[in-house]
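All values below come from the heavy atoms of this structure, side chains included, with hydrogens, waters and symmetry mates left out. As the structure is a prediction and not an experimental result, all values here were calculated from the model.
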Amino acid sequence: MNKSSAQFTSIGGQAVIEGVMMRSPHFIAVAVRKPNQRIVIRNKSYLSIGQKYPFLKKPVLRGVVTLLESMAQGVESLGYSANVASDTENSGEQISKLAMAGSIATAILLGMGLFVALPHLITVLITNSEHVNLTAKSPLFHLLDGGFKMAILLTYVYVIGLMKDIHRVFQYHGAEHKSIYTFEAGEDLTVENARKYTTLHPRCGTSFLLFLVLISILVFSVVFPIFHLTELAANPFVNHLLMVVIKIFLMLPVAGFAYEFIRACAFRMQNPIFRALIWPGMILQKLTTREPTDDQLEVALASLKQVLRLEKATGGTTMVSDDIEITNLFDLSLVEADVAEFPEL
């Protein structure tokens, strides 16, 4: 692999059960460690909706598209990895579109309930007292709401990290970051090269979640009082219910702004101001990443190497090889790919 100056690539990934999913501009590869210690790699071509409709590549909109596509790809990859890791007979079966849509809808509903409705409800209960002179008309109400939202996020991430299976997923998350760093540095994709890099990456989805919450706090604190969205109905219950619904709909544009913020900071990490701005997201990743083993690094590198091989072998066409099974990383042929070929635009 040719040396190049360190830069960010459009290739990214996600940790799954006993493996890593990597996504390039035209392909997805999911590498999973089987119980017999061999590595299975599923290959799949895909076309982003942003490539079909260029206007969706505009700032803010592209963040929403990226979020929704990542959720869909993540749900499918998690289902596949769970079957392979448990060595079930239906590991090769595709998740139906209906089942995937149901899983995504359930995840969205649970997320909105946990991180939007619940903190709003807690804030209402605390401020609904004659001793507390604070209503939804005040920006402080929404700042308090945001404080509970942040507390729930941090507690949730910490608690799930205590689970053994999630701890291993967090290790693969760290392996994914180390692999991406290796490619961005222009080094050969080997365990030895990847081992030295940090598990914290400025463009991580964990950072996205954090700034999604922070930006929503700012937006809600300004939008609701200014546009009088706190007096929508005479009945207090209905009024707060409508506010929660509005907050849920506003999360999409907020997600777009969070994406643009992280992207802007990531490209300017040499600047101490932007480095300081992205710092909270990097710190939160200490909860969602763990130091991987060499075996886990090998799986992440195999996934990354495979999407690069597919891109180079097919020229970005939709042709894709059958799923493969390998013993170790060296079973995959060398691939000459440079980070400059896959820039983060």
Check whether any side-chain heavy atom of [X] lies under 4.5 Å from a side-chain heavy atom of [Y], and answer yes or no.
| X | Y | answer |
| --- | --- | --- |
| Phe183 | Met22 | no |
| Phe224 | Lys247 | yes |
| Val157 | Thr288 | yes |
| Glu76 | Lys44 | yes |
| Leu154 | Leu284 | yes |
| Ser24 | Leu310 | no |
| Val16 | Tyr80 | no |
| Ile41 | Leu332 | yes |

Is the backbone of [Y] close enough, under 3.5 Å, to the side chain of [X] for a donor and an acceptor to pair up by distance?
| X | Y | result |
| --- | --- | --- |
| Asn239 | Ala234 | no |
| Asn43 | Ile28 | no |
| Gln14 | Met21 | no |
| His142 | Ile217 | no |
| Arg290 | Arg168 | no |
| Arg23 | Gly12 | no |
| Ser303 | Ala29 | yes |
| Arg33 | Asp295 | yes |
| Ser81 | Ile17 | yes |
| Asp188 | Thr190 | no |

Closest non-hydrogen atoms of Phe274 and Ala264, given as atom of the first, atom of the second and distance, are CD2-O, 4.3 Å

What one should report as the nearest heavy-atom pair of Ala136 and Met243 is CB-CE, 3.7 Å

Q | Cluster overlap Val219 with Val245, hydrophobic side-chain contacts below 4.5 Å | A |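 No, separate clusters.
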
*Under a 4.5 Å side-chain heavy-atom rule over Ile, Leu, Val, Met, Phe, Trp and Tyr, are Met163 and Leu110 clustered together?*
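Met163 does not cluster with Leu110.
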
Count the heavy atoms of every other residue, nucleotide or ligand shown that sit under 6.0 Å from [atom1] of [X], and state whether that count exceeds 12.
| X | atom1 | answer |
| --- | --- | --- |
| Ile273 | CD1 | no |
| Phe257 | CZ | no |
| Lys196 | NZ | yes |

Checklist entry - Does the pair His177 and Gln285 meet the rule for a side-chain contact (heavy atoms from CB on, under 4.5 Å), with working shown? => result CA-CA 11 Å; His177 285 181; Gln285 288 177 49; 3.2 Å; yes

From the list Ile122, Thr123, Val124, side-chain contact (heavy atoms from CB on, under 4.5 Å) with Ile126 holds only for Ile122

Result for side-chain hydrogen bond (donor to acceptor under 3.5 Å, both in side chains) between Glu291 and one of Gln171, Gln296, Lys178 points to Lys178

Q) Does a donor on one side chain and an acceptor on the other come within less than 3.5 Å for Glu187 and Tyr197? A) yes

Residues Lys305, Glu298: salt bridge by 4.0 Å N-O rule
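Judged by the 4.0 Å cut-off on N to carboxylate O distance, Lys305 and Glu298 do not form a salt bridge.
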
